[in-house]
Amino acid sequence: MDKTNAIISVKDLVKKYDDFTAVQGISFDVYENEIFGLLGPNGAGKTTTLEIIETLREKTSGEIIVDGYSVDKDASKIKRIIGVQLQAAGYYPNLNLVELMELFAGLYGVDVKPMEMLEKVNLQDKAKAKYKALSGGQKQRFSIATTLINSPKIIFLDEPTTGLDPQARRNLWDLIIAIRNNGTTVVITTHYMDEAEQLCDRVAFVERGEIIALDTPDNLIDNLINSGFERTKEVKKANLEDVFINLTGKEWREDN
Amino acid sequence: MSKPYNNTKATLALAKASFRSIMRSPSAVVFTLAFPLIFILVFGFLGGGGVKVDLAIAPGSDLQNPIINAIEQINVIHIIKDKDADEIKTELEKGHIAAVINVKKNTAGTPAYLADVQYTSASIDKGSILKSVLNNLMYTLNSKDIKPTVAQLNESTVQGRIYRTIDFILPGQLGFSLLSTGVFGTAFVFFSLRQTLVIKRFFATPVSRASIVFGEGIARIGFALCGAIFIILIGHFFFNFTLIHGVVTVLNMLLLAIIGLVVFMGFGFIVSGIAKSESTIPPISNIITLPQFLLSGTFFSIDAFPSWLQPISRALPLTYLNDAMRKVAFEGAGLWDVKHQILIMAIWGVGVYIVAVKVFKWE
């Protein structure tokens, strides 16, 4: 991985709403082909930051370059090379998955075979189902499939695993890693630290609109340990989630 | 990246998706097709007879005589037998029956029969019609064998096109169907796409706002035209709805439908912008559609309204759509002949879209 090649570069980003400042001057780079995690509590400004990079929101000030394009001048060019999964998004009513795929292919102006896209996220059996009828995990996988239609250079996933059961979460991790291995850069937000530790090459902690730490998960953990931190409880070699997965099986389930 | 982005492709993809979605939405189908068809069925079966006057025959009246025989031949008069005197009296008082007739043989000789007719003040209009029909009848019967001494009346009727109730009702229903699908459909679609964040997801793709509006517009117009063709064909083949120049007339009607629909969709954009929640869409839409439903000559001719109401009627866009539709369908007018109506709809269109652009919300 070429660590010096930044595909996204954010400098001094500020976003003010009428009564408060959601993002107060954050700067970071996302490197090509890494999985970059934005972590932090609700309301920290993660989603706002993502949506500004995705050109869905106006920024108050700062500079953002995505693959050489500026969000100010080339928003439509940026939209063509990114895939976006929104934290909350709906899909056109009364259409099945294949029809929705056709719609998105038209919106991105690309020719794709809907069934092939659905196969990528293992939803080929649900081709004729409506989005509403899918389970939580299936919905997230479908959302990710819609982000892949235009063979994007970067995909943005905003809390893709929130509300999923452990199996569905692990399946999604596998999917995200596979997407990255195909050469796509992934920017992800999450509340789950185990997820960030497993998935992300580098993470940024966002708190009250500012980045308070940015490094690889390993370095961040080592730094904490070097500062003298110790867990109050001895960590066992497995945790309860391992027990859950072990008992219920890890296989790809029909309903997740 | 080398391939330029294709807006047309995006617009058509949206139109296709939207059309599929509308076809699967029960409310759209009910509003566009079922409602107008029900009205057309009701009026199609009711209408066509013109004026009917109910005339009761008094119990005890002689039935086998030239007078009753002649009356039975008259279309306008509907004879009611088998009612007793009390029933007839009540019906007369309520005005359900225009008059009662009692024919008796004249025992004194000439004339051979005596006919007593009693009218009711509760049904003066029909009574007058009956009176003149009966006078005419008596004159004909009495003068059958007499040569006229002063003048002979020669009557003839010009052969005109029969103007059936359906010729009035169908264009009105078509116009109303376009109004409701334009206003309700557009308002609901854009409100719910905004509310369920479908539009937000669209904005994450390179699609332009114009493509979203045009795509939705094309789908809605396509759907409304399918509905219009369906209504026109049902009317034509089952109820003899007049289409003077056949296919050309239908095409002219469809062009008018598009013009009307574009104006009405403007109202829909406004409603979707000012509605605060899904439940406020129907009342706001009704404020726009109901007055036009009642005052735009959908069921009754505007000329029948009181004179103070007519200026209001003549200000509404649906009035002009209905008017133009009727002229095109029944009188065989071309689009140029209804340019006045089209102009007024266009003025409405400009005004409505100026407001729509101001109040419409994308998110």
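In what follows, every chain begins at residue 1, and chains take the letters A, B, ... in the order their sequences are listed.
- Both the backbone and the side chain of B/L14 come within contact range of chain A, with heavy atoms under 4.5 Å apart.
- Annotation: maximal heavy-atom pairing with chain A below 4.5 Å, among B/A13, B/P206, B/A10, occurs at B/P206.
- Residues of residues 110-117 of chain A lying under 4.5 angstrom from chain B, judged on non-hydrogen atoms, are A/V110, A/D111 by number.
- Contact annotation for B/K16: only side-chain heavy atoms (C-beta onward) come within less than 4.5 Å of a heavy atom of chain A.
- Note: A/G109 leads A/S143, A/G109, A/A105 in heavy-atom pairs under 4.5 Å with chain B.
- Minimum heavy-atom separation, A/L95 to B/S21: CD2-N, 4.0 Å.
- Distance check, rounded to the nearest 0.5 Å: CG of A/L103 to OG1 of B/T205 gives 8.5 Å.
- A donor-acceptor distance shorter than 3.5 angstrom exists from the side chain of B/R24 to the backbone of A/N94, with no hydrogens or angles considered.
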Given the rule in the side chain to side chain contact (heavy atoms under 4.5 Å, CB included) test, do B/R201 and A/T147 qualify, once you have shown the distances and angles that lead to the verdict?
-> CA-CA 10 Å; B/R201 181 65 186 85; A/T147 70; 4.3 Å; yes
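- The choice from B/S211, B/S18, B/S25 that makes the most heavy-atom pairs within less than 4.5 Å of chain A is B/S18.
- Across all non-hydrogen atoms, the minimal contact from B/V189 to A/Y92 is CG1-OH, 4.2 Å.
- Between A/Y108 and B/Y5 there is no side-chain heavy-atom pair separated by less than 4.5 Å.
- A distance-only check finds a donor-acceptor pair linking the side chain of A/K79 to the backbone of B/F203 [under 3.5 Å].
- When only modelled atom types and interatomic distance are considered, B/T196 and A/Y91 share no side-chain donor-acceptor pair under 3.5 Å.
- Residue B/F230 places its CZ atom among 12 or fewer non-hydrogen atoms of other residues, nucleotides or ligands, all under 6.0 Å distant.
- For residues 142-161 of chain A, the set of pairs meeting the salt bridge (charged side-chain N to carboxylate O under 4.0 Å, His left out) definition, not counting sequence neighbours, comprises A/D67-A/K153.
- By the neighbour-count criterion of 12 heavy atoms within 6.0 Å, atom CG of A/D18 is sparsely surrounded, having that number or fewer from other residues, nucleotides or ligands.
- The contact list for residues 42-57 of chain A toward chain B, using heavy atoms and a distance under 4.5 Å, reads A/E51, A/L56, A/R57 by residue number.
- Within residues 58-66 of chain A, no residue has any heavy atom less than 4.5 Å from a heavy atom of chain B.
- With a 4.5 Å cut-off on non-hydrogen atoms, A/F156 does not touch chain B at all.
- Contact count versus chain A (heavy atoms, under 4.5 Å) is highest, among B/I22, B/L197, B/N7, for B/L197.
- Considering CG of A/L107 and OG1 of B/T11, their distance stands at 9.5 Å, rounded to 0.5 Å.
- Summarising the local packing, CZ of B/F293 is surrounded by more than 12 heavy atoms from other residues, nucleotides or ligands at distances under 6.0 Å.
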